[in-house]
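To start, the structure under review is shown below, and the notes come after it.
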Amino acid sequence: MRYLCKYRTKLTFLHRMYIEELHSAVGKTVTLKGWVANKREGKGIVFVILRDGTGYCQCVVTEDTAGAEGLANGQDLSLECSVSLTGTVVTDEKQMGGYELQVTAVEPIGKSENYPIAKKEHGVEFLMDQRHLWLRSTRQWAIMRIRNRIIFSIHRYFQDQGFVQMDAPIFTGNACEGTSTLFETDFYGETAYLSQSGQLYGEAMAMAMGRIYTFGPTFRAEKSKTRRHLSEFWMIEPEMAFYDIFQNMDCIEGMIHAIITDVKANCQQELKTIGRDLAILESSMKPFPRLTYDEAVRIIKGEQDVNGKNGIGSLEEELKKVSSRLLEVDAEIADREAKIAGGSLKKGEINFFQNKIDSLKQEKADLEEDARNIPQWIKSAKEFEYGNDFGGSDETVITRLFDSPIMVYDWPHAVKAFYLKRNPENPAFARGVDVLAPEGYGEIVGGGERETNEELLKAKIIEHELPMSAFEWYLDLRRFGSVPHSGFGLGLERMVTWICGLKHVRESIPFPRMYGRLTP
RNA sequence: UCCUUGAUAGCUCAGCUGGUUAGAGCGAGCGGCUGUUAACCGCUAGGUCGUUGGUUCGAGUCCAACUCAGGGAGCCA
């Protein structure tokens, strides 16, 4: 017995493989280690969908190949228990991944009883409470792998060009844009804040390195309950000496193109799993339209069309579509409920109808949400006052008209941050730039050219009622070798959300921290 | 902070204008069928209807307050 165990361990070790490597092992005997993602049973046969983090593979256990003990072990497997399966690799086009394992040995590792996440739709709150387990689901697996790829491609984009990565501090003493959205904490008796941006430190480092980027967590105590907000999120903030706002825009565009190219090349399976419409990613590979604030405002107010489409008009159309779809959904629900009530259906059909009704109800709830929101958006777009910053709804109105991200620049200086440079030709405007993602995703990047003049900066700091003393070191950057420079901040989670086409940012980060959510 | 929607079994939801022992499907347990891909058949267990108070002969259903959650505004990436 002891000998057998030793031998088996050695054999297991020798042939241990990851699912993504199976293409090189057709006809060979290998061992896969992972978790049971799904299981279907028949008489004398068990189908196990095994996942090991690199992919999914159907493994078939029969008495013929695995023996009576193997079959019994296979039958005992439960959802999400861990197991080591040894068997022969065969090709099977019907399977996800294209391969199947004909199992010869089943070695249970860790049990799993009453796994809470079922093969059925769940509510958001329930899933969020189970986030530590939800991450194992196929869809979440795919999203997290795409997130990983995006992070990697961002590093590569900047490293390839010679940018230096730097880490900005998390504890900060100064409030960058007022104190209302900062998390306060005690720092040896002093008040410290959790960083909401590494930008000012990035500027200092750019004067040392030329071009840098930060990549770290940022914290904002905004009590926002929307699909775009997190309290803790990751931001990439490049800062480039001797770049003006237009070179800055080139850099942003290049980065986003690099991310899309990389994700498309390396995450095909993942994109397919989440059902992402790739057309919008394709059309985002061209240069992004660059609009001034003035142009963007005209579009939002419906005074200017884009490719024959009107912003407000298209929202009104959308509203009509929502109402008519709502009627269809209601009719379909009523129809299916009547058929179930009719009593002539078999149990399996009732089950199928019930599932259908559940998802229709979900769609109905979403449509009703839209029906409530869209009129508000139309109203706020019509009433948009020149000179204001864009709100979420304004971004929705304008981005619906484009099939790629757009860049809006030259904002009224009064509504933007103190550190932005004025347009030398028209000081009413600040050289800020926002990148708005299409499909209503809104702002994914905010940035601009920085003010280089010490006196203008001081005036702005006073205007924003910020404590001058906290910015002395920052002003030093203008006193000693000030140069034109620019930078931007990319919200990683918003980027992931857009690339994956998610409904909500909470799925774009492993453990979201948001208003009302601190666990798990 | 404001607006809006909601809270009924482990999960997803019914429960119409207040009326005797609160329902379904999934999941779980047991048994049978099946090279299966969230659609097979049968049986069993499982709920003080978010909390508190009120109206009423009678409240899951009506009213008020609170708590929690979804979405939106503001603010932002």
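In the text below, chain A, chain B and the rest are named by the order of the sequence lines, each starting its count at 1. Just so it is clear, the model here is predicted, and its values are computed rather than measured.
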With sugar-phosphate taken as primed atoms, P, OP1 and OP2 and all else as base, the protein-contact string of nucleotides 3-10 of chain B at under 4.0 Å (heavy atoms; B, S, -) is -SS-----
Summarise how protein sits on nucleotides 32-43 of chain B as a single string, 5' to 3': B when a protein heavy atom is under 4.0 Å from the base, S for sugar-phosphate-only contact, - for no contact.
-> -SBBBBBBSSS-
Set of ring-ring contact (aromatic ring centres under 6.0 Å, His included) partners for A:F402, sequence neighbours left out | none
Would you please name every residue forming a ring-ring contact (aromatic ring centres under 6.0 Å, His included) with A:Y201, sequence neighbours left out?
-> A:W473
For RNA chain B, what residues of residues 129-138 of chain A have any heavy atom nearer than 4.0 Å?
-> none
Got a sec? Which of residues 500-507 of chain A come in under 4.0 Å of RNA chain B, heavy atoms?
-> A:H504, A:R506
[X]: which residues meet the side-chain hydrogen bond (donor to acceptor under 3.5 Å, both in side chains) condition with it, sequence neighbours left out?
X	answer
A:W377	none
A:E332	A:R336
A:S314	A:R400
A:E451	none

Touch class at under 4.0 angstrom, heavy-atom based, for [X] against every strand present:
X	answer
A:S393	sugar-phosphate
A:V46	nothing
A:K223	base
A:G123	sugar-phosphate

Ignoring the backbone of A:R494, work out which of B:A28, B:G72, B:C76 is nearest its side chain.
-> B:C76
Which of B:A77, B:C76, B:G70 is nearest the side chain of A:F233? It is B:A77
Rounded distance in Å - CZ (A:R517) to C1' (B:A69) = 9 Å
Nearest-Å distance, CH2 (A:W411) to C1' (B:C76)?
-> 12 Å
Applying salt bridge (Lys or Arg N to Asp or Glu O under 4.0 Å) to A:K321 and not counting sequence neighbours gives none
Do the side-chain N or O atoms of A:K361 get closer than 4.0 angstrom to the phosphate oxygens (OP1, OP2) of B:U12?
-> no
Any side-chain N or O of A:R227 under 4.0 Å from OP1/OP2 of B:G72?
-> yes
Is there a donor N/O on one and an acceptor N/O on the other, under 3.5 Å, for the side chain of A:H229 and the base of B:C76?
-> yes
So what's B:C57 paired with, Watson-Crick or G-U wobble, going by both distances under 3.5 Å?
-> B:G19
Applying salt bridge (charged side-chain N to carboxylate O under 4.0 Å, His left out), which residue pairs with at least one partner in residues 505-520 of chain A are found, sequence neighbours left out?
-> A:D129-A:R517, A:R139-A:E507
Using the C1' atom on both, measure B:C16 against B:G23 and round to a whole Å.
-> 15 Å
Report the residue (A:S231 or A:I357) whose heavy-atom-nearest nucleotide on RNA chain B is the more 5′ of the two.
-> A:I357
